[in-house]
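Written out below as structure tokens is the structure these notes cover.
Quick note on labels: first sequence line is chain A, next is B, and so on, each numbered from 1.
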Amino acid sequence: MPKKIISVGKKIWATMTGWLKKFWSNFRDVPLISWLVAFSVTVALEIFIGQALARMVGLSKPPALFGVALVLDNPAKFLSAIIYMILVYGLPVGVIAYLTKGVGNQIAEWLLQFPLLLTSVVHLLLIYGVMHYWTSISDYRLLVARLAMISIIVTLSLNVVNGYMGEFSCSHPGFMALGAYVSSIFTVLLFVTDNRFGDALLPAFLGPFMFPVSLVLGGFVSAAGALLVAIPSFRTRGDYLAIISLAFMFIVKSLFENLEVVGGARGISNQPDYANLWTIFVWTVLAIWIINNFVRSTMGKALNAVRDGELAASAMTVNTQKTKMVAFLFAAFWAGIGGGLFAHVIRYINPGTFGIRKLAEVLAMVYFGGLNSVTGSIVGAVGFSLISEALRPLDIFKWIFIPIMLILIMIYRPTGLIAFREFDVAQLFQPKGKKDEEGVDHAAA
Amino acid sequence: MDVFLQQLMNALQWGSFYALIAIGYSMVYGVLMLFNFAHGDIFMVGAYIGFFVSSGLLALNLGSVIGLSTGVELGLVLVLTLIISMLLNSIVGMGVERIGYRPLREAPRASAAITGLMIGIILETANLALLGPQRRSFPELIPTTTITIAGASVTNKKILIVIVSLVLALLVHQFVQRTKWGMAMRAMAYDYVVVPLMGISSDRIALMTFAIGSALAAAAGILFGIAYPVLDPNMGILFGWKAFVAAILGGRGSILGAALAGFLLGFIEIFVTMIFPSTMRNLIAFGIILIILTFRPHGFFGEPFSAQLRL
Amino acid sequence: MPLLEVSNMTHFFGGLRAVHAYNLEIEPGQIRGLIGPNGAGKTTIFNLITGIYDPTEGEILLEGKTIKGREPNKIASRGLGRTFQTLRLWRHMSVIDHIKLGRYSKLDYGLPGAFFSTPRRLREEEKTTKIAMDLLELVGLPETADQLVTNLPYGAQRRVELARALATEPKILFLDEPTAGMNPEELIDMMKIIREVHQELDLAIFLIEHRMKVVMDLCELIQTLDFGEVIAEGTPDDIRNDPKVIDAYLGKEVSV
């Protein structure tokens, strides 16, 4: 009897995936630019008629994320939420992307004659535009979008160590803490009048300009902290990094708990609100660009070589110690930047923020998205953040669903969803459909 | 001097929890080359199982039913609680192995570390969801009496805890050294392929490793409940991670090494709090561990790590 | 001055003597062979000279300068390339990336290039790709450039390893059983490639080999090793007729 159920289930699954594939084949040749246009139309739609539409289908206001909160509040609203999502997102995006694919491909073709930089800027502006207006509807969306982008930075940087280098590092919350504290101290000390650090030392208008300085400073401090982990760990081969980095994470957390100067266990608050959407967007793009450059350079490939065969790497003139050190410090630097941005989004940090839970979260994003893959990390960070936010109304049961999801992913795809893939920007912007290659369409989602 | 002796006893007691948990970590790491990041939470589950078993046994009111004096009844309850909880928790441990680790035997080791981490979170959350966030107080199984030795007053609980954990550690050590099963475990630690050749299924050895480790964790949980009668769902986290580090400090797969490192960790923590404020405990403990690992990377009794968390 | 000079090299593993008083002089352009029964210490000698182990005693000079105890990567970039007995390819990497990585120490765009993709990096990477393609041409695998190395047949993987070693621009190339596990067809190909490489790039080659035919055909001078000691040295004809060599092999493989 159970066997029968399983075989019927498999059949249903097969037909469903078959339909989905057939449906998706209509969109295979939609270039990124058409998707972006479709999304901007959708966002405009939501801004102008979202409220009215929500009323029409029986919701009091447009759902902030996926309407999970609304549905949990009143299960009868389930249908309404789905209808809303289809009317505002599913239908228009699909239709417009499908209709504009011809024009979109022509534009993408036309853009090919310009340098890649210009094409990138066009696409990035469109992405930013969509995000800007999408988040303008609710503060909650804005917060989620900002945190998701910071997650991209942190996930990518951890992927450099756990994926590209193939070691297991547990110290990322520690590096984030270092970056968060250093940049917070810098900005609060200089630009905020509060009762911990006293009067602002510099005029407030300078603040936003000095914010990058504070972030980079935080990044450098956390890279310096990484040196403390790297020196004993990479001297000998083995599982040391996992253990020493774990100890390091606890040391950093405990250190800040004991430093009364920076608030002890209570932490620092009142960070100025410098980390707005576009600042984070710029930093995220910068991080993706630089990290992708790094992993695709011969130095980044050397990292893979060290992972897959250290002996052969050193016989091919690769300085394995130096390669590992550089990559680890580099990763720590970006984790520090991520931490600094995080502190200025939440505007309150304490040592407890950077504990085991944070570690589990960051590791989950890396392994969810896929090892050794920039695309994977972007998808992993954004996907995980969205899922995690969507499930927030479930309260603590969220922490049963998410682990089960991850365990299933680990069992069926042990290196994550999109592992071992190169992220080629030029390919991403290309017109689609001519060569019918494997698309990189995921990045658009 | 008497203060010192008293603290020594505290340190021994505190260290015996670490020692028992660290042995579990060390066995899994030694035999299967896995970081069982769920082990701290298995300890927590063990403590809760102990709580329910002992409460249930006390509610049966064996004393008046069979006609035992209170002292004998409590002793019987303690022994039964230990045995039953260790059995039940070893089933939990085997379940964790079966669900979280066995499907990943061929996968990269890092992936198994992730599933372990996730199973730990599930155990904590499930506990929180089922029993609520409030703390539970462990029933008093041993009436406290204070004995004075050389000017230091020591409770009978402390002595019992230290003795029970030492006995358990030695038992497991003997098991691994003497029995056929133990031999298979040690063989598996050296070479994964050879064990099936000996006519023993490696899956069964893996299950047994987890079962023993979890049974010890349950014992640690009950002893912890006797000493500090407050249980909460997050009690396993920090304990577990520290015991993990202690296991490494002891050396790969060395049971006595792990126990010794557990006791050492207990000593460090207790004596740090004598001199420094107690908030500095983690800082200094982990600092010392870092220094030891820097100068003695293979731990006290370990051989060089042969494998690495590789893709 | 010989290109590579090893004098009186001895090595112990724990208390076990693996190599004893080993001497070697290789002139530029020579092809030399090292034979011996299993466990004689041939690969250990390779590992000692290429820096994976640090010899207990002795001196190793490359072009008159010592390389004893240096890091493997330093020795490699000074002009000593090698392949491995068991394939040591990087399983997640494409063929072209393997060969480009052999030029790691020749690239000097540094961290700024790695992070910001500077014009200099683009220039150097382009040049490296060209060199790598030429090398692939030389070993006869130009069409596999973008494939994952694990998708190639065994013989081709061996050739990728050779090309990768050549990318380090070695003055002397160490080949550890280059034809191990090959079928007769692949074997003939490999020997042809080794000859071509030797002629075109004008380098010295030092090879370990089990198959007598390969050694006898390729090498000018051959050393025979047994229990870590050289028991015979000479031209292929000398070795063929040396009773000590026949004895060491118990006469089983020498019948060419």
Side-chain angles (χ1 to χ4, degrees), chain A residues 115-117 120 160 163-166 219 223 286-327 329-330 333-334 370-373 415 419-422 424-426 437, chain C residues 46-47 50-52 71-84 86-94 96-118 121-122 124-125 128-129 132 148-150 161 164-165 167-170 174 176:
Chain A
L116 186 63
L117 185 68
S120 312
V160 171
Y164 289 91
M165 188 159 89
L286 211 61
I288 295 173
W289 183 62
I290 293 179
I291 293 177
N292 194 36
N293 276 338
F294 178 68
V295 297
R296 294 186 73 189
S297 72
T298 300
M299 217 168 285
K301 298 284 180 193
L303 212 53
N304 290 351
V306 169
R307 176 193 65 199
D308 292 342
E310 196 162 338
L311 212 59
S314 67
M316 293 309 122
T317 73
V318 175
N319 186 343
T320 55
Q321 297 284 11
K322 196 183 127 201
T323 310
K324 286 192 206 177
M325 286 277 204
V326 166
L329 265 58
F330 177 66
F333 173 84
W334 283 107
L371 295 176
N372 204 90
S373 154
T415 49
F420 298 103
R421 193 174 300 176
E422 287 219 357
D424 190 344
V425 179
E437 294 164 334
Chain C
F46 264 33
N47 286 344
T50 54
I52 290 169
E71 318 259 285
N73 60 305
K74 298 250 170 62
I75 294 173
S77 37
R78 293 255 300 262
L80 206 158
R82 75 169 289 181
T83 65
F84 294 89
T86 49
L87 280 172
R88 285 180 190 271
L89 294 165
W90 301 304
R91 62 198 177 110
H92 295 291
M93 217 184 275
S94 71
I96 188 88
D97 281 342
H98 270 84
I99 298 161
K100 283 174 77 176
L101 205 56
R103 303 199 53 79
Y104 182 84
S105 66
K106 312 289 182 293
L107 294 167
D108 51 7
Y109 53 75
L111 285 179
F115 293 156
F116 302 109
S117 192
T118 52
R121 160 172 166 183
L122 299 180
E124 286 187 14
E125 290 276 354
T128 310
T129 310
L148 266 188
V149 72
T150 39
E161 222 189 22
R164 181 178 73 173
T168 63
E169 289 182 12
F174 280 39
D176 197 342

- Item | Pair C/K106 + C/E124: basic N to acidic O under 4.0 Å | no

- Do you know which of A/A305, A/G309, A/A302 has the most heavy-atom pairs with chain C at a distance under 4.5 angstrom? A/A305

- Query: Given that the side chain runs from C-beta out, which part of C/R164 has a heavy atom under 4.5 Å from chain A: side chain, backbone, both or neither?
  - Reply: both

- Query: Is the C/H92 ring parallel, tilted or perpendicular to the A/F420 ring (thresholds 30°, 60°)?
  - Reply: parallel

- Message: Check the orientation of A/F294 and A/F330. Use parallel for under 30°, tilted for 30 to 60°, and perpendicular for over 60°.
- Response: tilted

- At a heavy-atom separation under 4.5 Å, does C/S77 approach chain A through its side chain, its backbone, both, or neither? both

- Query: Does C/T168 reach the main-chain N or O of C/A76 with its side chain, forming a donor-acceptor pair under 3.5 Å?
  - Reply: no

- Side chain, backbone, both or neither of C/I75 within contact of chain A (heavy atoms, under 4.5 Å): neither

- Message: For the interface with chain A, which of C/K100, C/M93, C/E161 has the highest count of heavy-atom pairs at distances below 4.5 Å?
- Response: C/M93

- Measuring heavy-atom distances to chain C, does A/V326 have an atom under 4.5 Å in its side chain, in its backbone, in both, or in neither? side chain

- Item | Contacting moiety of C/F116, where chain A heavy atoms sit under 4.5 Å | both

- Item | Electrostatic pair A/R296:C/E125 at N-O distance under 4.0 angstrom | no

- Note on the structure: Greatest number of non-hydrogen atom pairs under 4.5 angstrom with chain A, of C/T50, C/L89, C/I52, falls to C/I52

- Task: For the pair C/N73 (side chain) and A/S314 (backbone), establish whether a donor and an acceptor sit closer than 3.5 Å, ignoring hydrogens and angles.
- Result: no

